[in-house]
Asks: 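Have a look at this one before I ask anything.
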There are 2 protein chains.
Amino acid sequence: MKLESILLGVLARHPSTGYDLKKYLDTHGRFLRSNTQMSQVYRSLGKMEASGWVIHTVQQRAGATDAKTYRITDEGMTVFLDWLTGPYSPPTRFQDPDFGTRLAFAGFMTREQLLRLIDIELTARHEQVARYRFRDRREAVDTSAAFDEDLATLVAEWSHEAGAQAIDAYLERLETLRRVLLDAPENAKAPDLLLLLRDAR
Amino acid sequence: MKLESILLGVLARHPSTGYDLKKYLDTHGRFLRSNTQMSQVYRSLGKMEASGWVIHTVQQRAGATDAKTYRITDEGMTVFLDWLTGPYSPPTRFQDPDFGTRLAFAGFMTREQLLRLIDIELTARHEQVARYRFRDRREAVDTSAAFDEDLATLVAEWSHEAGAQAIDAYLERLETLRRVLLDAPENAKAPDLLLLLRDAR
DNA sequence: CTTAGCCATTCCACTTGTGGCATGCATCGT
DNA sequence: ACGATGCATGCCACAAGTGGAATGGCTAAG
């Protein structure tokens with residue numbers, strides 16, 4: 001479902017071949033998914049076609065393998081939009097791409113839907129910070145093999161600080177986006193929005 | 001292999017039941033993996049036992065379900081250490097837990113091994129930044145359905161900036177850790193290391 | 001001329017992960 | 001007294017992802 005959502009999102013913007021989609025995942029979409037296999041893309045495409053979410057037409061390429069251009073169907077569009085604007089439950093790791101994937105297709109949302117999504121993410125992460133930030137991080141030890149406690153402590157401390165800083169920065173940035181979306185006039189165009197974003201930092 | 005590596009790492013520090021391991025994944029290990037299912041933990045444990053990487057002993061708990069305490073075998077320790085210090089290829093997304101998972105078990109590494117790992121990560125990410133930072137981010141458009149270009153542009157710009165800032169901060173923090181590891185005297189103890197870390201910020 | 005890389009798809013055998021169900025006792029708060 | 005939560009395991013069907021091989025033409029650089 002997750003790869004499929006991405007593929008549907010791309011196809012909702014323009015028809016593509018399997019190869020194109022793989023290229024998207026390796027370039028523009030590289031933060032949405034790590035190391036996606038060709039085979040996985042083609043298999044998803046096949047499954048989606050069987051479900052009636054996409055259809056393909058064949059492009060002959062003299063000599064070479066025929067290329068199949070996939071386009072999204074109305075049904076596929078419905079499925080995609082249902083996923084995009086449907087319920088979102090934040091994964092444990094804020095670094096996971098679930099939220100970012102939805103953002104990548106923000107253009108298909110209304111400003112209200114986008115704000116709702118952001119609010120869900122924000123409350124979930126704030127709650128997480130509140131629950132864990134000052135929690136004891138020591139772990140029970142009883143190590144048999146060679147284990148460098150000093151090294152482990154250093155790295156654990158660094159990891160915790162790095163994680164805390166990362167999530168704090170993340171929350172701050174998200175709040176900024178939220179602010180811009182709330183403050184911007186209803187009919188603001190892209191250049192003005194970008195200016196607002198710059199000022200809000 | 002990935003869940004198994006984590007479980008082996010935990011078991012390398014102390015014996016645990018399946019339930020304990022799941023709890024670890026939900027608390028201390030929450031940044032290593034999102035939403036792990038109980039069934040997945042028990043299945044991995046079963047498979048690892050079949051491979052001879054772990055063994056279990058049964059704890060009777062009057063009335064309640066017996067608890068199985070798993071401990072790592074020598075073979076399991078070898079497998080774990082091979083994974084930990086073996087070749088690491090950075091995933092596309094720097095937010096993926098692969099690197100962090102290894103760091104979580106830094107205590108089982110020597111300082112040199114840890115530094116090698118950090119150097120691999122650092123070069124890979126620097127290279128990524130160099131390749132993509134100033135790349136054109138515009139995507140070909142040909143959207144049929146309702147698509148708010150202005151909203152999409154705003155969010156895309158925000159995402160890019162957020163991503164850039166996140167990876168920059170990440171690189172900086174990693175460099176700091178690297179510095180501390182390089183500069184610290186061979187026999188430095190945890191409190192001194194933490195002081196160095198604090199000063200290095 | 002040759003090698004490398006891009007374009008393009010498909011198949012296959014696995015391995016992993018998801019989500020839910022079933023069981024059953026103990027403890028703690030209301 | 002009741003319900004939630006924690007402890008503890010296991011089974012199942014199904015969905016998704018991994019990693020590699022096979023095929024074959026095109027183009028550009030060395």
Side-chain angles (χ1 to χ4, degrees), chain A residues 1-8 15-27 29 32-51 53-54 56-70 79 83 87 89 91-93 96-98 101 131, chain B residues 1-8 15-27 32-51 53-54 56-70 79 83 87 89 91-93 96-98 101:
Chain A
M1 185 74 240
K2 237 190 275 180
L3 174 55
E4 290 176 7
S5 306
I6 301 175
L7 300 183
L8 282 178
S16 313
T17 66
Y19 198 91
D20 291 339
L21 290 166
K22 158 71 170 159
K23 255 188 56 181
Y24 169 87
L25 291 169
D26 289 342
T27 54
L32 307 184
R33 228 186 125 85
S34 273
N35 315 319
T36 307
Q37 232 73 35
M38 278 272 133
S39 45
Q40 187 61 15
V41 173
Y42 285 109
R43 196 146 50 75
S44 292
L45 244 16
K47 229 194 94 190
M48 291 197 289
E49 182 147 50
S51 311
W53 301 352
V54 300
H56 79 262
T57 51
V58 179
Q59 258 68 49
Q60 248 95 347
R61 297 188 312 142
T65 326
D66 288 354
K68 296 183 177 174
T69 301
Y70 287 87
V79 170
W83 165 79
S89 32
T92 311
R93 290 175 19 97
D96 279 359
D98 303 50
T101 302
R131 186 167 38 220
Chain B
M1 186 73 239
K2 237 189 276 183
L3 174 55
E4 289 176 9
S5 306
I6 300 176
L7 299 183
L8 282 177
S16 314
T17 66
Y19 198 91
D20 291 338
L21 290 166
K22 159 72 169 157
K23 254 188 55 182
Y24 169 86
L25 291 170
D26 288 343
T27 54
L32 307 184
R33 228 185 123 85
S34 274
N35 316 319
T36 307
Q37 232 73 36
M38 279 269 112
S39 45
Q40 187 61 15
V41 173
Y42 286 111
R43 193 145 52 77
S44 291
L45 244 17
K47 229 195 93 190
M48 290 196 289
E49 181 147 51
S51 311
W53 302 351
V54 300
H56 78 263
T57 52
V58 179
Q59 257 69 49
Q60 248 96 347
R61 298 188 313 142
T65 325
D66 288 352
K68 296 185 178 174
T69 301
Y70 287 86
V79 170
W83 164 79
S89 31
T92 312
R93 290 175 19 98
D96 279 359
D98 304 49
T101 302

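Letters A, B, ... mirror the listed sequences (proteins, then strands); counts begin at 1.
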Asks: May I have the distance from B:Leu21 (atom CG) to D:dA8 (atom C1'), rounded to whole angstrom?
Replies: 12 Å
Asks: Students often get this wrong, so: under 4.0 angstrom with heavy atoms, is A:Ser39 touching a base, only sugar-phosphate, or nothing?
Replies: base
Asks: Under 4.0 angstrom, heavy atoms only, what part of the nucleic acid is B:Lys23 near: base, sugar-phosphate, or nothing?
Replies: sugar-phosphate
Asks: Before giving the answer on side-chain contact (heavy atoms from CB on, under 4.5 Å), spell out for A:Leu21 and A:Leu45 the whole-Å C-alpha distance, their side-chain angles and the decisive distance to 0.1 Å.
Replies: CA-CA 10 Å; A:Leu21 290 166; A:Leu45 244 16; 3.8 Å; yes
Asks: So, OP1 or OP2 of C:dG17: does either fall under 4.0 Å of a side-chain N or O from B:Gln37?
Replies: no
Asks: Does OP1 or OP2 of D:dA8 have a side-chain N or O of B:Lys22 closer than 4.0 Å?
Replies: no
Asks: Does the side chain of B:Tyr42 get closer than 4.0 angstrom to OP1 or OP2 of D:dG10 through an N or O atom?
Replies: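 Result: no.
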Asks: Distance check: side-chain N/O of A:Lys47 vs OP1/OP2 of D:dA16, anything under 4.0 Å?
Replies: yes
Asks: Would you find a donor on one side and an acceptor on the other, under 3.5 Å apart, between the side chain of A:Ser44 and the backbone of A:Glu4?
Replies: no
Asks: For the CG atom of B:Leu7 and the CE atom of B:Met48, what is their distance to the nearest 0.5 Å?
Replies: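 Reported value, rounded in 0.5 Å steps: 4.5 Å.
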Asks: Determine: side-chain N/O of A:Lys68 to OP1/OP2 of C:dT10, distance under 4.0 Å, yes or no.
Replies: yes
Asks: Given 3.5 Å as the limit, does a donor-acceptor pair link the side chain of A:Lys68 with the main chain of A:Gly18, or not?
Replies: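 Such a contact is absent between A:Lys68 side chain and A:Gly18 backbone.
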Asks: Over all strands shown, is A:Thr36 touching base, sugar-phosphate only, or nothing at heavy-atom distances under 4.0 angstrom?
Replies: nothing
Asks: From CG of A:Leu45 over to C1' of C:dT9, roughly how many Å is that when rounded to an integer?
Replies: 11 Å
Asks: When you match B:Thr17 and B:Arg43 each to their closest nucleotide on DNA chain D, which lands nearer the 5' end?
Replies: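 Nearest-nucleotide comparison on DNA chain D picks B:Thr17.
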Asks: Could you tell me the separation between the CG atom of B:Asp26 and the P atom of D:dC7, rounded to a whole number of Å?
Replies: 11 Å
Asks: Give the rounded distance in Å between these two atoms: CG of B:Asp66 and P of C:dT23.
Replies: 18 Å
Asks: Between C:dT16, D:dA8, C:dG17, which nucleotide gets closest to the side-chain atoms of B:Leu3?
Replies: C:dG17
Asks: Whole angstrom is fine here: how far is it from CZ in A:Arg33 over to P in D:dT18?
Replies: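 Roughly 6 Å, once rounded to whole Å.
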Asks: Over how many whole Å does the gap from B:Asn35 atom CG to C:dT16 atom P extend?
Replies: 19 Å
Asks: Taking A:Asp20 for its side chain and A:Thr17 for its backbone only, find out whether a donor-acceptor pair lies under 3.5 Å.
Replies: yes
Asks: Whole Å only: how far is the CD atom of A:Gln40 from the P atom of C:dT10?
Replies: 15 Å
Asks: In whole angstrom, give the distance that lies between atom OH of B:Tyr19 and atom P of D:dT9.
Replies: 10 Å
